[in-house]
Amino acid sequence: MSLRSWRFFIRNGFQNILRNRVMSLASVTAIMVALIVLGIILVMVVNLDVMMKEMESKMEITMFLKDGVADGERYDLEKEINSWEGVYDVEFVSKHQALEEWKRQLGDKGSLLEGYTGENNPLPDSFLVKIEKPEYVNAVVEKAKAIPAVEEVNYSSKVAEFIEWLARAIRLVGMSLVAVLASVAAIIISNTVRLTVYSRRREIGIMKYIGATDWFIRWPFIIEGFILGVMGSIVSTGLVALGYKFLLDRSSYINMRWGYLVIFKLLPLNEVMLYVFQFSLLLGACVGVLASCLSIRKHLRV
């Protein structure tokens, strides 16, 4: 197909939108509304998913060492633990560091521990092992318990199990919501574009009767559906971005003033909107083109 033909189809597509302003506006509005709802859900899902990944990455196991473990043995043990699957960081905490941290946590009452220094320090040396995901916890704990130099392994199995369950539930519900809303948005967009094509069925019939080929008639409608889908996705993403920016500003203000929402830190605007825009643009454009193709097929049978 020549460049001249493409220019004609694209120009015709834009002309059809301008000629049928009311139906075009209705199409863009329907696409926009459907994608706004989808965009809001996507924003929630992306933020919740990142939040759950942060919670998963904070899974920690404390391995208390027996007294008398030599520095060389401790160094080799640290390298071995680092090589285990699911472990992304190992931090050695000496008994002195543990005592200082305990004092800090006690605050004003930290002076009660002043006598526990040097040989009197009752706390053991330990390793703080950070786990990538909750599903690795049990395997790491079993390996840790099998090490002769380890006195005790401390972790919360219930917390690990709860975080693992919560992460799976949030991701499953989030993906299900996105899939359902994407389907609903696709149906709304498809029906609206079909109405646009139906309102011009006589025009299609006349072109068919005077000898225009099916693809000559079809291309301007495909381009029109693509343009409407892109326009709706751009407007919807812009509105979702404005709403998200307002939410970011309000949450920052509340955090600075009261500190209530620190644990619910939202992702930066550009990072979230990139996901929303890509998904909305792909869905809007694809459904606009597909709906145009399916709708016009019926009216080409003359």
Side-chain angles (χ1 to χ4, degrees), residues 28-60 86-89 91 128-137 159-160 162-186 188-189 226-288:
V28 172
T29 303
I31 293 169
M32 179 187 70
V33 171
L35 293 180
I36 282 175
V37 177
L38 182 60
I40 292 171
I41 297 299
L42 276 172
V43 166
M44 293 171 58
V45 169
V46 169
N47 273 283
L48 285 172
D49 187 58
V50 171
M51 193 183 300
M52 290 312 305
K53 284 179 181 177
E54 288 182 359
M55 288 179 66
E56 288 176 336
S57 66
K58 290 178 181 176
M59 289 298 306
E60 295 176 346
V87 174
Y88 74 89
D89 188 42
E91 179 185 352
L128 188 63
V129 183
K130 297 182 180 180
I131 313 297
E132 290 178 1
K133 292 183 179 180
E135 52 260 39
Y136 293 119
V137 170
V159 171
F162 175 74
I163 290 176
E164 184 178 1
W165 173 83
L166 187 61
R168 287 179 179 174
I170 286 176
R171 284 166 188 153
L172 179 61
V173 171
M175 289 173 63
S176 300
L177 279 174
V178 169
V180 169
L181 285 172
S183 302
V184 171
I188 293 171
I189 295 169
F226 175 81
I227 294 168
L228 292 174
V230 169
M231 287 172 63
S233 63
I234 291 173
V235 175
S236 67
T237 304
L239 292 174
V240 173
L242 286 173
Y244 189 68
K245 186 178 184 304
F246 174 79
L247 184 62
L248 277 174
D249 293 340
R250 293 303 298 171
S251 64
S252 299
Y253 171 76
I254 293 171
N255 278 335
M256 285 189 296
R257 185 154 185 174
W258 292 292
Y260 289 162
L261 301 178
V262 174
I263 58 171
F264 300 112
K265 187 177 179 181
L266 298 172
L267 292 173
L269 178 68
N270 57 343
E271 191 174 335
V272 174
M273 285 302 111
L274 181 63
Y275 287 107
V276 175
F277 180 65
Q278 288 176 340
F279 193 88
S280 298
L281 187 65
L282 182 64
L283 181 64
C286 289
V287 174

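Both backbone and side-chain heavy atoms feed into the values below; hydrogens, waters and symmetry mates do not.
- A distance of 8.0 Å separates CG of D249 from CZ of F246, quoted to the nearest 0.5 Å.
- Of the inter-residue distances, the one linking I36 atom CD1 with S233 atom OG reads 11.5 Å to the nearest 0.5 angstrom.
- Closest of all the heavy-atom pairs between A285 and V230 is CB-CG2, 4.1 Å.
- Under the rule for a side chain to side chain contact (heavy atoms under 4.5 Å, CB included), the partners of Q278 that lie at least two apart in sequence or sit in another chain are L274.
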Check against side-chain contact (heavy atoms from CB on, under 4.5 Å), Y275 and V45:
CA-CA 11 Å; Y275 287 107; V45 169; over 6 Å; no
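- The CD1 atom of I234 lies 11.5 Å from the CG atom of L35; values are rounded to the nearest 0.5 Å.
- Here the shortest heavy-atom pairing between M32 and S236 reads O-CB, 3.5 Å.
- In this structure, CZ in F277 is found 6.0 Å from OG1 in T237, a value given to the nearest 0.5 Å.
- E60 contributes atom CD, which lies 8.5 Å from atom CD of E91 (distance to the nearest 0.5 angstrom).
- Atom CG of D89 and atom CD1 of I131 lie 10.0 Å apart (nearest 0.5 Å).
- Contact check for Y244 versus I40: no side-chain heavy atoms found under the 4.5 Å cut-off.
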